[in-house]
Asks: 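This is the structure I have questions about; it appears just below.
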Amino acid sequence: MPNELLLLVSLLISFLGLIAFFRLAGRAGLYGWTVFVTISANIEVMILIRAFGMEQTLGNTLFAASFLTTDILSEIYGKRASNRAVVLGIATNFAFILLTLTWMLYTPSPQDWALPSIRAVFSNTPRMMLASLIAYAVSQAHDVWAYHTWWKLTTKWSGDFKKFLWVRNNCSTLASQLINTVLFTLLAFWGTYGFATLASIFWSSYLIFIITSLLDTPFVYLARWMYHTRMVRSGMHVAEVDQDETTNGNGN
């Protein structure tokens, strides 16, 4: 199967998986998906492939799903909930760094066959994970801030806080993904690859992020519709939900 098709399949699985987790467990499902994509993306990102005529790392589709997760949390549950997801992702990154470092210290059994391969794969994990941790923390914090900043602006323009979801979703994510791409490319690969490869990784990664940012908007609309449908079926009105779960976009 071509790499290009595999990337598209991976993106679809990432977005549909997120919606499935949200359908099964609501906000807890979104937090769970944050943990899953954070760990998986930071393993995938060590793999360099060529697709669409460009050098690029894997993990881009999973990182895109993490931004979709915080946008859905912002839209449905508020700024506080999305910030919790960011903190959870940072904690997951940090815990995974510590855990992988301990793997390198074990003395394997004479019958062991796995540890040499694990060491080969994760020997660069500290740098990659630290780069990912910094990029993730900065870009995700910016995404939450930008989402609610755009929400206030579009509410002021239109007089309706429900309108222009696509504006706040895309404007916040595109800027945040640019920050993420710049930081991760420089921190993870500077001195490892030549400038041409670095430039290719950067442009290919950001190009994918542009596409995924545009494609994730229908999933935010879908999640919001699912949430309100659930509220109606349960006999609740959004205004009756705890302040941390309102969709007013004020970030309180």
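Reckoned from all heavy atoms, side chains included, excluding hydrogens, waters and symmetry mates.
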Asks: Please answer whether the main-chain N or O of Ala81 pairs with a side-chain N or O of Tyr31 as donor and acceptor at a distance below 3.5 Å.
Replies: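 Answer holds: yes.
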Asks: Do Thr154 side-chain atoms and Trp150 backbone N/O form a donor-acceptor pair below 3.5 Å?
Replies: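 Looks like yes, one N/O pair under 3.5 Å.
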Asks: Can any side-chain N or O of Asn3 pair as donor or acceptor with the backbone N or O of Ala51 at less than 3.5 Å?
Replies: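 Such a contact is absent between Asn3 side chain and Ala51 backbone.
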Asks: What's the spacing between Arg119 CZ and Tyr106 OH if we round to 0.5 Å?
Replies: 11.5 Å
Asks: Treating Arg168 as the side-chain partner and Lys163 as the backbone partner, does any N or O pair qualify as donor plus acceptor under 3.5 Å?
Replies: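 Side chain of Arg168 to backbone of Lys163: a pair is present.
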Asks: Can you find a pair of side-chain heavy atoms, one from Phe202 and one from Val182, that are under 4.5 Å apart?
Replies: yes
Asks: Which pair of heavy atoms, one from Thr34 and one from Ala85, lies closest together, and at what distance?
Replies: CG2-O, 3.6 Å
Asks: Are Leu68 and Phe15 side-chain neighbours, meaning at least one heavy-atom pair lies under 4.5 Å?
Replies: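 SC-SC contact between Leu68 and Phe15 confirmed.
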Asks: Grouping I, L, V, M, F, W and Y whenever their side-chain heavy atoms are under 4.5 Å apart, do Phe21 and Leu30 come out in a common cluster?
Replies: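 Same cluster.
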Asks: Give the intermediate values and the outcome of side-chain contact (heavy atoms from CB on, under 4.5 Å) for residues His228 and Ile76.
Replies: CA-CA 9 Å; His228 286 292; Ile76 296 174; over 6 Å; no
Asks: Would Thr92 and Thr38 count as a side-chain hydrogen bond (donor to acceptor under 3.5 Å, both in side chains) if you check the C-alpha gap in whole Å, the side-chain angles of each, and the deciding distance to 0.1 Å?
Replies: CA-CA 7 Å; Thr92 300; Thr38 299; 5.4 Å; no
Asks: Quick one: does Thr100's side chain have a donor or acceptor within less than 3.5 Å of a partner on Ile97's backbone?
Replies: yes
Asks: For Tyr147 and Ser82, indicate whether the former's side chain and the latter's backbone hold a donor-acceptor pair under 3.5 Å.
Replies: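 No: the side chain of Tyr147 does not pair with the backbone of Ser82.
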Asks: Hey, what do you get for OG1 (Thr61) to CG (Leu11), rounding to the nearest 0.5 Å?
Replies: 6.0 Å
Asks: Applying salt bridge (charged side-chain N to carboxylate O under 4.0 Å, His left out), name anything that partners Arg23, two or more places apart in sequence or on another chain.
Replies: none
Asks: Does Leu187 belong to the same Ile/Leu/Val/Met/Phe/Trp/Tyr cluster as Phe195, with side-chain heavy atoms less than 4.5 Å apart forming each link?
Replies: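 Different clusters.
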Asks: Are Ile39 and Leu99 connected into the same hydrophobic cluster when the rule is that any two of I, L, V, M, F, W, Y join if their side-chain heavy atoms are below 4.5 Å apart?
Replies: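 Leu99 clusters together with Ile39.
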Asks: Please tell me whether Phe189 and Phe184 form a close aromatic pair, meaning their ring centres lie under 6.0 Å apart.
Replies: yes
Asks: Restricting to non-hydrogen atoms, name the atom on Tyr136 and the atom on Asn180 that form the minimum distance, rounded to 0.1 Å.
Replies: N-OD1, 4.1 Å
Asks: Tell me, please, which residues at least two apart from Trp190 pass ring pair (Phe, Tyr, Trp, His ring centres under 6.0 Å).
Replies: none
Asks: Does Leu8 reach the side chain of Glu4, with side-chain heavy atoms less than 4.5 Å apart?
Replies: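 The answer is no, as the side chains (C-beta and beyond) never meet within the 4.5 Å cut-off.
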Asks: Can you name the nearest heavy-atom pair linking Leu215 to Pro218, along with the distance?
Replies: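 Reported closest heavy-atom pair: O-CD, 3.1 Å.
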Asks: Measuring from Met231:CE to Thr229:OG1, what's the distance to the nearest 0.5 Å?
Replies: 10.0 Å
Asks: Return the minimal non-hydrogen interatomic distance between Gln177 and Phe209, and the atom names on each side.
Replies: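 Taking Gln177 first and Phe209 second, the nearest heavy atoms are NE2-CD2, 3.3 Å.
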Asks: One pair to check against side-chain contact (heavy atoms from CB on, under 4.5 Å): Arg27 and Arg84. What are the steps and the verdict?
Replies: CA-CA 11 Å; Arg27 176 163 39 179; Arg84 285 175 185 157; 4.0 Å; yes
Asks: Would you mind reporting whether Leu7 and Ile49 have side-chain heavy atoms less than 4.5 Å apart?
Replies: yes
Asks: Could you check if a side-chain atom of Trp166 sits within less than 4.5 angstrom of a side-chain atom of Tyr221, using non-hydrogen atoms only?
Replies: yes
Asks: In the structure I gave you, are the side-chain heavy atoms of Leu16 and Phe219 within less than 4.5 Å of one another anywhere?
Replies: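 Of all side-chain heavy-atom pairs linking Phe219 with Leu16, at least one is under 4.5 Å.
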Asks: Would you say that Leu165 contacts Val220 through its side chain, given a criterion of any heavy-atom pair below 4.5 Å between the two side chains?
Replies: yes
Asks: Can a donor-acceptor pair be found, under 3.5 Å and without considering hydrogens, that links the side chain of Ser172 to the backbone of Ala146?
Replies: no
Asks: What pair of heavy atoms forms the shortest contact from Val86 to Val144, and how long is it?
Replies: CG2-CG2, 4.0 Å
Asks: Hydrophobic clusters join Ile, Leu, Val, Met, Phe, Trp and Tyr when side-chain heavy atoms are under 4.5 Å apart, directly or via other members; which others share one with Phe94?
Replies: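 Cluster partners of Phe94: Leu98.
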Asks: Rounded to the nearest 0.5 Å, what's the gap from CD1 on Ile208 to OG1 on Thr181? Could you check?
Replies: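 So the CD1 of Ile208 and the OG1 of Thr181 are separated by 9.5 Å.
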Asks: Without hydrogens or angle criteria, can the side chains of Asp71 and Thr173 be said to hold a donor-acceptor pair below 3.5 Å?
Replies: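 Yes, side-chain donor-acceptor contact under 3.5 Å.
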Asks: Just checking, is any N or O donor in the side chain of Ser213 or Asn170 under 3.5 Å from an acceptor N or O on the other one?
Replies: no
Asks: Relative to the ring of Trp145, is the ring of His142 parallel (under 30°), tilted (30 to 60°) or perpendicular (over 60°)?
Replies: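 His142 and Trp145: tilted rings.
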Asks: Between CG of Leu62 and OG of Ser10, what distance do you get to the nearest 0.5 Å?
Replies: 5.0 Å
Asks: Can Gln140 and Ser176 be said to form a side-chain hydrogen bond (donor to acceptor under 3.5 Å, both in side chains), step by step?
Replies: CA-CA 7 Å; Gln140 287 282 12; Ser176 301; over 6 Å; no
Asks: Show your working on side-chain contact (heavy atoms from CB on, under 4.5 Å) between Ser74 and His148 and close with a plain yes or no.
Replies: CA-CA 8 Å; Ser74 288; His148 289 274; 3.3 Å; yes
Asks: Has Arg224 got a side-chain atom pairing as donor or acceptor with Ile72's backbone, closer than 3.5 angstrom?
Replies: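 Side chain of Arg224 to backbone of Ile72: no pair is present.
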Asks: Do Leu214 and Trp203 share a hydrophobic cluster, counting only Ile, Leu, Val, Met, Phe, Trp and Tyr and linking them when any side-chain heavy atoms are less than 4.5 Å apart?
Replies: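 They do share one cluster, since a chain of ILVMFWY contacts under 4.5 Å joins Leu214 to Trp203.
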Asks: Within the structure provided, determine whether Leu174 and Tyr206 are in side-chain contact (heavy-atom separation under 4.5 Å).
Replies: yes
Asks: Could you see if Leu88 belongs to whatever hydrophobic cluster contains Leu24? Use Ile, Leu, Val, Met, Phe, Trp, Tyr and a side-chain cutoff under 4.5 Å.
Replies: no
Asks: For the CG atom of Asp216 and the CG atom of Leu222, what is their distance to the nearest 0.5 Å?
Replies: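 Spacing of CG (Asp216) from CG (Leu222) equals 12.0 Å.
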Asks: Which heavy atom of Trp33 sits nearest a heavy atom of Ser14, and at what distance?
Replies: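 Here Trp33 and Ser14 meet closest at CZ2-O, 3.3 Å.
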Asks: Just say parallel, tilted or perpendicular for the rings of Trp151 and Phe161, cut-offs at 30° and 60°.
Replies: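 Correct class here is tilted.
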